[in-house]
Trainee: 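So that we are looking at the same thing, I have put the structure below in structure tokens.
The analysis underlying the following values was restricted to heavy atoms, covering all of them including side chains, and did not include hydrogens, waters or symmetry mates.
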Amino acid sequence: MTAVIPHPAIRPATAPVTVPATAPPLVPAPRPARSAAARDPFVDVLRVFGMALVVLQHWSMPLLSFDEGRIVTGNALAAGNAWMITWISQVMPLVFFAGGAAGAISRRSAERRGDTPAAWLAARVRRLAWPVLPLAMVWVPLPHLLTALGMPAQPVETASRLAGQLLWFLVIYLVAVAATTPMLRLNAVYGWRVPAVLAGAAVAVDVLRFAGGLEVAGLPNTVLVWLAVYQLGFLYADGRLTRPWAMALGGYGTAAALVAFGPYPGSMIGMPGAVSNMAPPTVALLAVGVGQIGLALALRRWIVSFARWPGVSRALGWASERMMTLYLWHMSALFVIVSVVVVGLGISTPAPGTSAWLSGWPHWLLLLALAMWPLLRGFGRFETPPAGRPFTGGAVRAATATVLVGVGLLTFTVTGFVPGVAPLVGAGALVAGLALTGSLTRTAHSSTIG
């Protein structure tokens, strides 16, 4: 997951934008920037910080109890005003933003090398999907094994479903990766207007969703919102995000107004029995994302300085190579501890905010980290696909591979790994899509996400 992108050049805010008569190349006009081999530690920090915070939130918010063969779940962030934490802890916008920056640099570098768009897409799809293979190999048979060993059926089904649901991120990210080449062309011509149009379309979708009372009407925002944030990463790579404090204040201010005067809940993650800003995403979440990006950019100088400390730099390098493994397997680590502590020993999690919860939280995280460590060691080797010959297929083959991998990931997202035909179909589509990506060289691409 190491991002290899140059430090973005900062263009004056008043620099004119020339609209060419023909479709522009993906590589913009030369600008003062460092070598393409240089790494941007800012993007590395956003990725590591984003994924680490996602894991910390997933590990911290469950309220769990077990009674009469059933596990009951709740959300600690639903208590009191804890929802305010989600305006910082819901960091998926930062992850998509960093991915957009790295994706722009990667695609432009590939064009300079003479790689075809199909070869670039196949490489990205392969790197994105390869780490999912061991997850599927373990979780497709695991529910059958646990049930045969006498584990109660309902906790097994709950775990099997949740283990697949977290793959929603990879489904949407795959869409963003597939759209990178055409979206970069739009970015070269229209710049800021592209995310502005996406945001405007997201507003229209929300109006239909809330005015008509149909949750399904909000589904297009699953693409529109995340592509808008991803597109902002292109602008960062171009050095065109020059007013970070305006972004921070405007984003958070807009989100506050939408929550105060609109139909949007305060939490930026889904809460039991409430409308969700996350599934599907809303313009309130998009506004918070813009605020987060602006705040991060405003602090960029200090973030980069901190990231260049020798110890911090080594830690970032170590973590960057394991972020996908951490994301894919952190819920499995949670299930291991829950099966022992909650199901096996019958110990329920304390009420959130109480002294018992606060004092027990560090011990809970320590247990989860201990369970996660062997998973990192065992499955971290799947972060990078095996080396081989460069991809020589065409656009149709790359597109077919992308669709098949997307079908596999979407199947796991919707149905999880609950015993049945669906997980087998998902695994088959995933393997078929990976097979179509062919053999790729290890050196052509250097980032799992981005």
Side-chain angles (χ1 to χ4, degrees), residues 51 54-78 131-171 269-272 278-279 324-350 360-361 363-376 378-379 382 408-427 430:
M51 285 299 186
V54 167
V55 171
L56 179 63
Q57 182 169 268
H58 286 175
W59 280 357
S60 301
M61 66 185 186
L63 298 177
L64 304 164
S65 61
F66 183 71
D67 185 47
E68 296 182 354
R70 298 184 62 84
I71 193 163
V72 180
T73 62
N75 193 324
L77 294 178
V132 183
L133 270 183
L135 186 77
M137 291 173 62
V138 169
W139 271 102
V140 168
L142 185 59
H144 299 275
L145 177 61
L146 294 176
T147 303
L149 292 175
M151 180 73 76
Q154 189 265 352
V156 170
E157 180 178 342
T158 300
S160 302
R161 194 174 300 280
L162 292 176
Q165 283 183 2
L166 58 82
L167 296 178
W168 73 266
F169 163 63
L170 297 186
V171 177
I269 64 173
M271 293 295 182
M278 181 64 185
M324 178 68 87
T325 305
L326 177 63
Y327 179 77
L328 291 176
W329 290 95
H330 75 278
M331 292 300 289
S332 297
L334 176 64
F335 301 147
V336 170
I337 300 304
V338 170
S339 65
V340 174
V341 176
V342 180
V343 177
L345 300 178
I347 301 175
S348 302
T349 52
W361 182 60
H363 301 89
W364 178 255
L365 293 182
L366 177 60
L367 288 175
L368 290 166
L370 291 174
M372 187 69 228
W373 180 249
L375 297 176
L376 277 176
F379 298 109
F382 290 92
L409 295 174
L410 183 61
T411 301
F412 294 146
T413 300
V414 173
T415 68
F417 297 99
V418 176
V421 176
L424 297 176
V425 172
L430 182 69

Trainee: Applying salt bridge (Lys or Arg N to Asp or Glu O under 4.0 Å), name anything that partners R161, two or more places apart in sequence or on another chain.
Mentor: E157

Trainee: Less than 6.0 angstrom separating the ring centers of W139 and F335, yes or no?
Mentor: yes

Trainee: Would the number of heavy atoms belonging to other residues, nucleotides or ligands and lying under 6.0 Å from CH2 of W361 be above 12?
Mentor: no

Trainee: Under a 3.5 Å distance rule, please check whether T147 uses its side chain to pair with a backbone N or O of H144 as donor and acceptor.
Mentor: no

Trainee: Holding to side-chain hydrogen bond (donor to acceptor under 3.5 Å, both in side chains), I want the full list of residues that pass it with W59, two or more places apart in sequence or in another chain.
Mentor: none

Trainee: Please find the pair of heavy atoms, one from L56 and one from S60, that lie closest to each other, and give the distance.
Mentor: O-OG, 2.7 Å

Trainee: At what distance, to the nearest 0.5 angstrom, does CG of L146 lie from OG of S160?
Mentor: 7.0 Å

Trainee: First locate atom CG of L365, then atom CG of L370, and finally report the distance between them rounded to the nearest 0.5 Å.
Mentor: 11.0 Å

Trainee: Show the nearest heavy-atom pair for residues A333 and L375, with the distance to one decimal.
Mentor: N-CD1, 3.9 Å

Trainee: Could you check whether any side-chain heavy atom of H58 comes within less than 4.5 Å of a side-chain heavy atom of I269, counting everything from C-beta outward?
Mentor: no

Trainee: Could you grab the distance from atom CG of L167 to atom CG of L430, nearest 0.5 Å is fine?
Mentor: 9.5 Å

Trainee: Show the nearest heavy-atom pair for residues V338 and W364, with the distance to one decimal.
Mentor: CG2-CH2, 4.1 Å

Trainee: What is the minimum heavy-atom distance between Q57 and L77, and which atoms define it?
Mentor: OE1-CD1, 4.0 Å

Trainee: Is there a side-chain contact between M151 and V343 (heavy atoms, below 4.5 Å)?
Mentor: yes

Trainee: Any chance you could measure Q154, atom CD, to E68, atom CD, to the nearest 0.5 Å?
Mentor: 12.0 Å

Trainee: Where do V138 and F379 come nearest, in terms of heavy atoms and distance?
Mentor: CG2-CZ, 4.0 Å

Trainee: Roughly how far, to the nearest 0.5 Å, is NE2 of H330 from CG of L376?
Mentor: 12.0 Å

Trainee: Using a 4.5 Å cut-off on heavy atoms from C-beta on, say whether the side chain of L328 contacts that of V132.
Mentor: yes

Trainee: For V54, does its backbone N or O pair with a side-chain atom of Y327 as donor and acceptor, under 3.5 Å?
Mentor: no

Trainee: Looking at P141 and A136, what are the two nearest heavy atoms and their distance?
Mentor: CD-O, 4.1 Å

Trainee: If only atom types and distance count, is the side chain of T349 paired as donor or acceptor with the main-chain N or O of L64 below 3.5 Å?
Mentor: yes

Trainee: Is any side-chain heavy atom of W329 closer than 4.5 Å to a side-chain heavy atom of L135?
Mentor: yes

Trainee: Which atom pairs, one a donor and one an acceptor, fall under 3.5 Å between side chains of residues 412-423 and the rest of the protein, sequence neighbours left out?
Mentor:
unit_1	atom_1	unit_2	atom_2	d
T413	OG1	W168	N	3.3
T413	OG1	L409	O	2.8
T415	OG1	T411	O	2.8

Trainee: When rounded to the nearest 0.5 angstrom, what distance separates CD1 in I347 from OG in S65?
Mentor: 13.0 Å

